[in-house]
Colleague: 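Okay, handing you the structure first.
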Amino acid sequence: MTEMRETAFIMQNVTERSLIIMDELGRATSSSDGFAIAWSCCEQLLSLKAYTIFATHMEKLSELATIYPNVKILHFYVDIKNNRLDFKFQLKDGPRHIPHYGLLLAERAGLPSSVIETARSITSKITEQEVMRMNVNELQYSSIQMVYRVAQRLICLKYSSQEQDAIREALQTLKESYLEGKLV
């Protein structure tokens, strides 16, 4: 209940000048309710343009980056060697999907192998459906993201203090990158 009250306070008082730091929103709820609340809060914060740092274990929330071009996904690096998790505590760019991370933890904790095998079967079906949905979103929203990236760079160039030749060169590079579909 405490997390929900804190979230309610944030959502009722947020402005575009706010700095929001949220950790594991939606705990103490069902998986679907927690995910729905977290997604909804993210969309509300995006619409308000509040700078937000959102920490979560819900990998599905990384889908927001396929829909909203101003979402940046980061992760803490974890190395896996011989089914052992080695936490490096290094912040890296992009999502980091460790296949069956929860199952690796469950195995290390000593859950019975029959439970883990059943869980593997269930999670493979769920993962297959999620991958299909992510691919559809990426195809659907990639052109919007490309336009957003072009607009960002044009705004930067507009307010740049570079010489005109350097700006012309940057515009040419931007044009070529856009036409090749390689604008990142």
Side-chain angles (χ1 to χ4, degrees), residues 7 9-26 35-81 85-99 101 127-184:
T7 301
F9 178 82
I10 289 168
M11 299 307 289
Q12 292 167 5
N13 293 287
V14 66
T15 70
E16 66 181 24
R17 295 186 51 160
S18 298
L19 168 62
I20 309 296
I21 300 173
M22 291 185 145
D23 181 30
E24 295 298 347
L25 179 63
F35 175 74
I37 291 166
W39 185 283
S40 181
C41 285
C42 285
E43 285 194 325
Q44 179 71 20
L45 293 168
L46 282 163
S47 73
L48 296 172
K49 298 182 175 118
Y51 190 84
T52 305
I53 298 170
F54 200 91
T56 184
H57 69 282
M58 296 180 200
E59 289 184 16
K60 289 183 196 177
L61 285 177
S62 65
E63 227 175 286
L64 286 163
T66 66
I67 298 170
Y68 296 98
N70 53 334
V71 171
K72 178 128 177 106
I73 305 291
L74 302 168
H75 69 275
F76 280 105
Y77 180 66
V78 177
D79 193 21
I80 300 176
K81 292 180 184 170
L85 301 173
D86 184 13
F87 298 93
K88 299 295 186 180
F89 302 100
Q90 298 171 348
L91 197 57
K92 300 279 186 168
D93 196 28
R96 169 73 160 113
H97 176 69
I98 298 175
Y101 177 79
T127 302
E128 186 178 305
Q129 293 170 352
E130 289 173 357
V131 166
M132 287 174 31
R133 189 176 64 250
M134 287 286 282
N135 289 339
V136 168
N137 281 346
E138 193 170 324
L139 289 172
Q140 186 176 0
Y141 293 103
S142 64
S143 61
I144 294 170
Q145 289 181 326
M146 183 75 81
V147 169
Y148 180 80
R149 289 186 198 110
V150 168
Q152 280 182 313
R153 284 170 177 81
L154 288 173
I155 290 169
C156 289
L157 287 171
K158 177 180 179 180
Y159 295 104
S160 171
S161 60
Q162 295 181 33
E163 297 291 324
Q164 285 187 353
D165 289 340
I167 292 174
R168 278 191 196 97
E169 186 178 325
L171 285 170
Q172 183 63 34
T173 302
L174 178 64
K175 177 184 173 184
E176 290 168 3
S177 297
Y178 178 77
L179 292 174
E180 292 172 10
K182 297 181 180 178
L183 192 63
V184 179

Colleague: Please report the closest heavy-atom contact between M58 and A38, naming both atoms and the distance.
Modeller: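 Looking at all heavy atoms of both residues, the closest pair is SD-CB, 4.1 Å.
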Colleague: Around Q164, counting heavy atoms of other residues, nucleotides and ligands shown, do more than 12 lie under 6.0 Å from its CD?
Modeller: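 No, CD of Q164 has 12 or fewer neighbouring heavy atoms, counting only those of other groups under 6.0 Å.
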Colleague: Decide if atom CD of E163 counts as having more than 12 heavy atoms of other residues, nucleotides or ligands within a radius under 6.0 Å.
Modeller: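 Incorrect, the count does not exceed 12.
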Colleague: Going from CD on E63 to CG on L61, what distance comes out if it is rounded to the nearest 0.5 angstrom?
Modeller: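 One gets 9.0 Å once the value is rounded to the nearest 0.5 Å.
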Colleague: Roughly how far apart are I167 CD1 and L157 CG, rounded to 0.5 Å?
Modeller: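 Output value for this atom pair is 6.0 Å.
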Colleague: State, to 0.1 Å, how close G94 and H75 come at their nearest heavy-atom pair, and which atoms those are.
Modeller: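 That would be O-ND1, 2.6 Å.
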Colleague: Supply the atom-to-atom distance M132 CE to M134 CE, rounded to the nearest 0.5 angstrom.
Modeller: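 Separation between the atoms: 13.5 Å.
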Colleague: Is there a donor-acceptor contact under 3.5 Å from the side chain of S18 to the main chain of I20?
Modeller: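 No; judged by distance alone, with no hydrogens or angles, the pair does not exist.
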Colleague: D165: which residues meet the side chain to side chain contact (heavy atoms under 4.5 Å, CB included) condition with it, sequence neighbours left out?
Modeller: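 Once residues adjacent in sequence are excluded, the partners of D165 under the side chain to side chain contact (heavy atoms under 4.5 Å, CB included) criterion are R168.
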Colleague: Show the nearest heavy-atom pair for residues D93 and I73, with the distance to one decimal.
Modeller: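 Closest heavy-atom pair between D93 and I73: OD1-O, 3.6 Å.
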Colleague: Can you tell me if CD on E169 sees more than 12 non-hydrogen neighbours from other groups inside 6.0 Å?
Modeller: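 For E169, atom CD is not crowded (no more than 12 foreign heavy atoms under 6.0 Å).
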Colleague: Between Q145 and A65 (side chain of the first, backbone of the second, donor and acceptor by atom type, cut-off under 3.5 Å), is there such a pair?
Modeller: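 Yes.
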Colleague: Examine distances only and state if a side-chain atom of S62 and a backbone atom of E59 form a donor-acceptor pair shorter than 3.5 Å.
Modeller: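 Present.
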Colleague: Write down the atom of F76, the atom of F89, and the distance for their closest heavy-atom approach.
Modeller: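 F76 and F89 have their closest heavy atoms at CD2-C, 4.0 Å.
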Colleague: Would you find a donor on one side and an acceptor on the other, under 3.5 Å apart, between the side chain of S160 and the backbone of C156?
Modeller: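 Answer holds: no.
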Colleague: Does the ring of Y77 carry K88 above it, NZ/CZ under 6.0 angstrom from centre and within 45° of its axis?
Modeller: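 Geometry flag: not set, cation outside 6.0 Å or 45°.
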Colleague: Does OH in Y148 sit with more than 12 non-hydrogen atoms of other residues, nucleotides or ligands closer than 6.0 Å?
Modeller: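 Correct, the count exceeds 12.
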Colleague: Say you draw a straight line from CG of L171 to CG of L154; how long is it, rounded to the nearest 0.5 Å?
Modeller: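 If we round to the nearest 0.5 Å, L171:CG and L154:CG are 6.5 Å apart.
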Colleague: Quick check for you: to the nearest 0.5 Å, what is the distance between L64 atom CG and F54 atom CZ?
Modeller: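 Answer for the CG-CZ pair, L64 versus F54, is 8.5 Å.
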Colleague: Within a reach of under 6.0 Å around CD of E16, are more than 12 heavy atoms found that belong to other residues, nucleotides or ligands?
Modeller: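 Counting other residues, nucleotides and ligands, CD of E16 stays at 12 neighbours or fewer.
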